[in-house]
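Treat the numbers as computed from the prediction; the structure is a model and nothing was measured.
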Amino acid sequence: MTSFSRRARHLCLILPVLLLTGTVAEARAPARRAATAAKPAPKAPVPWLYRGSDVPQDKEWIFGELPNGLRYAVRRNGVPPGQVSIRVLVDAGSLYETDSQRGFAHLIEHLTFRDSKYLKSGEAVPTWQRLGATFGSDTNAETTATQTVYKLDIPDATPPKLDETFRLLSGMITAPIFTPQGVKTEVPIVLAEMRERSGAQARALDGTRELFFKGQLLAARSPIGTVETLQAATSESVKAFHDKWYRPDNAVIVVAGDADPQALIAEITQWFGPWQGTGPKPAQPDFGKPAAPAGADPKNPVGDARVLVEPDLPRIFNYAILRPWVKVNDTIPYNQGLMVDRLAMALINRRLEAKARAGGSFLAASVEQQDISRSTDATIVNVTPLGDDWKAAVRDVRAVIADALTTPPSKEEIAREVAEFDVAFKVPVETQETLAGSKLADDIVNAVDIRETVASPETVYNVFKSSIPLFTPAAVLQHTRTLFTGTVVRPVLITPSASDATAADLRTALLAPVDAAKGSRLAASTIKFADLPPIGTPGTVASAQKTGILEIEQLELSNGVKVLLWPNDAEPGRIIMKVRFGGGYAAIDPKDAVYGPLAEAALMDSGFGNLSREDLDRLATGRKLSLNFDIDDTDFTMTADTRPADMADQLYLMAGKLATPRWDANPVLRARAAARLQYESYAASPQSVLTRDANWLLKNRDPRYAVPTPAELDKATPEGFRQVWEPLLKQGPIEIDMFGDFKREDAIAALEKTFGALPKRDPAPASTLAPHIPAHNEEPLVLTHRGDANTAAALVAWPTGGGRAGVHESRQLELLAQIINNRLFDEMREKIGASYAPQVASTWPLDLPTGGYLAATVQLRPQDLPAFFAAADKIAADLAATPPAADEIARVTEPLKQLITRASTGNGFYMFQLEGGATEPQKFADLRSILSDYSQTTPERMQAMAARYLRKDQSWRLEVVPEKKGQ
């Protein structure tokens with residue numbers, strides 16, 4: 001059931017809190033071998049997705065099959081209103097390729113958008129933009145090891161627009177046009193995408209995949225392909241792959257949206273019904289199975305091991321317990337078994353996290369089960385050592401696992417996880433009316449890929465409730481042992497130092513006996529909000545007034561705390577909160593800059609009052625509570641997404657953090673260690689160098705926006721952290737924004753007891769921020785990276801402005817940025833294939849008088865850097881000299897108009913636009929013009945803005961090039 005936990009997932013090298021994530025293969029969440037072997041589908045007229053399953057069907061979906069074998073699923077969904085989400089799944093990915101076809105499934109995805117029956121070369125992107133779909137988000141596709149999926153989210157989906165969409169899409173899927181020129185044009189773009197994904201992390205992921213899936217197709221079948229096979233591709237060879245696998249009996253169309261389901265079925269039938277395959281449907285390739293190592297101990301069959309040396313990556317030790325993947329019937333007993341598996345892993349992961357928080361030998365560790373690309377059923381253990389001693393970290397993690405394999409958990413431990421599961425499965429029931437059609441469509445796509453079903457939130461919750469009697473200590477122990485039993489165990493160590501280990505050392509580390517770490521178990525205890533002391537003497541509401549926007553109300557409490565309150569039923573079961581306080585970066589002394597990033601990781605983990613982070617976790621058991629922290633230019637923020645039953649306690653949690661902050665040392669030390677490990681990875685690619693340095697450089701090298709260096713981190717201490725943050729938490733006004741499903745009287749009562757009980761605040765210090773981009777440089781500033789020699793990155797920025805008085809100008813600048821983006825995309829990607837995805841964006845700080853800029857960034861080959869700067873200069877000069885055409889403007893304004901129209905149906909849109917409005921009422925007036933500002937302009941205004949801002953003599957340039965050997 002994909003609504004439970006069966007969504008497609010990625011096998012990653014996981015470094016929690018910091019850096020290393022990258023797709024190795026599409027995967028799925030916990031699957032269990034307790035399931036029955038697959039049986040023939042019953043003869044009863046059961047919808048195709050549910051054949052062989054006793055899971056209750058989600059009646060909102062209508063399933064069908066056309067005479068040509070095409071399967072479909074459609075449903076009505078009004079989130080967001082007017083949108084229809086279409087997914088076309090072709091059951092063919094990189095595992096379906098031959099050796100000479102590597103990369104063809106993904107290349108066809110590209111070529112499908114280039115030229116087809118109804119869309120000639122270069123027409124696809126502009127056509128979808130004119131229909132209001134944003135390229136890259138509303139219009140996209142993805143290729144995995146097992147499938148290729150085309151995704152369209154069509155806004156304002158009128159019947160004529162839907163008919164045109166299905167017509168165009170049918171031509172793309174059933175009748176793409178493969179020409180020598182098209183292949184010649186698209187291959188360099190795919191190679192540019194390959195370069196942008198290359199580097200240390202990609203090599204580590206590839207090396208891990210090759211080891212874990214040795215002897216299987218997945219080991220050598222990355223969807224991106226190889227340079228050699230892509231360069232050898234011809235229109236004929238690509239067409240041969242397409243003709244073999246793109247056929248109606250190998251495809252599924254999923255549609256969910258604000259339209260009549262029968263009308264959607266009629267569109268599918270009209271445009272895809274005539275599609276015919278050639279010959280019989282080909283058999284699926286044999287993906288292979290993991291093989292047991294010769295002579296290995298069946299109880300611990302450690303096989304091949306690998307050490308991957310990457311000087312710019314931190315140490316990470318991963319090992320996988322691998323089993324053959326088996327097609328199962330998605331039955332209720334099967335899913336009940338999944339529940340026990342999930343519980344077993346949750347217990348281990350909680351113990352590992354507690355040990356890491358306490359300052360053990362590892363920074364982070366986790367256990368997860370994945371069914372990967374219909375190739376392998378794997379239990380994967382991820383370990384990030386705290387320092388150089390990876391052996392101690394692996395030993396300590398194995399000791400925690402050994403304890404779970406030796407002794408059953410206590411009933412109290414199980415009860416804690418059951419309470420967590422209960423809220424996890426109940427919240428989707430409470431909020432199901434907010435599920436977007438795009439999400440529902442993706443769930444069907446994932447279910448087809450993993451050969452399972454979908455279920456409604458009620459069904460998932462009922463399956464969970466029926467599983468509770470199965471959660472016995474003995475059953476959890478049995479499932480834990482099964483999770484750690486496999487055909488072969490394979491470890492990999494990613495390390496910056498070649499002297500760290502050999503493959504034999506890795507095998508020895510996993511073969512060595514280990515004592516069970518009985519001390520890793522968490523003591524049973526219960527903490528309740530009712531037992532906590534009051535924040536202080538409750539306050540009262542001093543004033544209340546309507547804002548004039550919807551039913552949003554502005555309150556002021558007796559202690560000066562301001563509130564924006566909007567009870568509404570737009571998103572049933574959900575409340576979003578934001579607490580803005582203090583002075584943000586402006587209040588941090590530049591000499592204390594290192595403590596800004598450390599606070600984003602450690603401040604909330606420090607707890608409050610007498611409650612540690614572990615206590616907070618216990619307090620939140622079975623509740624939907626969160627405590628997220630961020631730093632903006634002129635304020636600090638705490639955010640939460642909660643539900644009506646937990647609203648009052650969520651407010652207590654946030655107010656308690658300000659009333660009585662706690663100053664534990666371990667969260668600071670852990671955050672410092674994580675930042676220290678992460679820093680070297682910033683040099684691993686040109687894009688990561690931009691991530692590290694661009695914002696800081698564009699802010700006039702203000703240290704508060706810089707990524708701390710290892711030397712700066714080494715000087716940071718828990719004592720220094722407290723000295724900086726204790727006064728900052730007391731300073732500056734507080735504004736609370738609460739939008740969602742709650743009763744006004746309940747919210748006011750909770751606010752009076754929590755934030756209303758805080759003492760009056762100290763004033764925020766005067767701002768010392770004065771950001772501005774550097775002065776014009778004729779020759780770009782040059783930074784270096786230590787990644788692949790054929791990769792580089794570049795940035796060109798033009799100064800604009802800042803301040804709320806210029807809000808209308810800022811919105812028009814975003815239109816100009818999108819026009820430039822389209823032109824740069826055409827120049828750098830479509831014409832010369834130098835870059836996969838150039839990006840242009842406008843930044844205009846509304847809370848600061850200066851510091852805005854319009855910037856274009858790109859990843860490319862070093863030899864293409866001059867072409868990028870020349871293209872940027874030419875585009876800027878052309879826009880200043882000649883106004884853009886009306887059609888060019890429509891390609892920008894229509895998607896933005898539709899984006900705002902859809903977003904404005906949710907509470908998050910209004911909170912983002914109005915946050916801070918209690919102290920800046922002008923934000924309410926500015927909201928009224930947002931749609932017109934983003935959807936209406938003139939060629940003359942765009943030209944005038946280009947002439948004003950896009951001046952070459954004011955631009956600033958940066959390039960990131962490969963570091964020379966020996967440098």
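A donor-acceptor pair shorter than 3.5 Å cannot be found between the side chains of Q129 and T127. Using a 3.5 Å distance cut-off with no hydrogens or angles, the side chains of Y72 and E65 do not pair a donor with an acceptor. With no hydrogens or angles considered, a side-chain donor-acceptor pair links Q284 and Y96 at under 3.5 Å. No hydrogens or angles considered: nothing links the side chains of T278 and D243 as a donor-acceptor pair under 3.5 Å. Counted by atom type alone, Q432 and E458 present one or more donor-acceptor pairs between their side chains at under 3.5 Å. In this model, no donor atom of one side chain and acceptor atom of the other lie less than 3.5 Å apart for E109 and T112.
The aromatic rings of Y836 and H110 sit tilted relative to each other, their planes meeting at an angle between 30° and 60°. The aromatic rings of F135 and F825 stand perpendicular to each other, their planes meeting at an angle above 60°, with 30° marking the opposite boundary.
Remark: K327 does not engage D371 in a salt bridge, criterion side-chain N to carboxylate O under 4.0 Å. Electrostatic pairing of R130 and E894 does not count as a salt bridge here, judged by no charged N lying under 4.0 Å from a carboxylate O. Remark: R75 engages D58 in a salt bridge, criterion side-chain N to carboxylate O under 4.0 Å. Look at K439 and D443 and you find a salt bridge, because one of the NZ, NE, NH1 or NH2 atoms lies within 4.0 Å of a carboxylate O, short of that distance. Under a 4.0 Å N-O distance rule, the pair E267/R167 does not qualify as a salt bridge. We find that D138 and K151 are not joined by a salt bridge, their nearest charged nitrogen and carboxylate oxygen being 4.0 Å or further apart. We find that R102 and E97 are not joined by a salt bridge, their nearest charged nitrogen and carboxylate oxygen being 4.0 Å or further apart.
A ring-centre distance under 6.0 Å is not found for F425 and Y461. Ring centroids of W566 and F739 are separated by less than 6.0 Å, placing the two rings close together. A distance of 6.0 Å or more separates the ring centres of Y246 and F241.
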What do the steps show when you test R902 against D156 for salt bridge (charged side-chain N to carboxylate O under 4.0 Å, His left out), and what is the final call? CA-CA 9 Å; R902 286 177 287 173; D156 188 25; over 6 Å; no

Start with the C-alpha gap between D330 and R51, add the side-chain angles, then the distance that decides, and say whether salt bridge (charged side-chain N to carboxylate O under 4.0 Å, His left out) holds. CA-CA 9 Å; D330 190 16; R51 290 169 188 161; over 6 Å; no

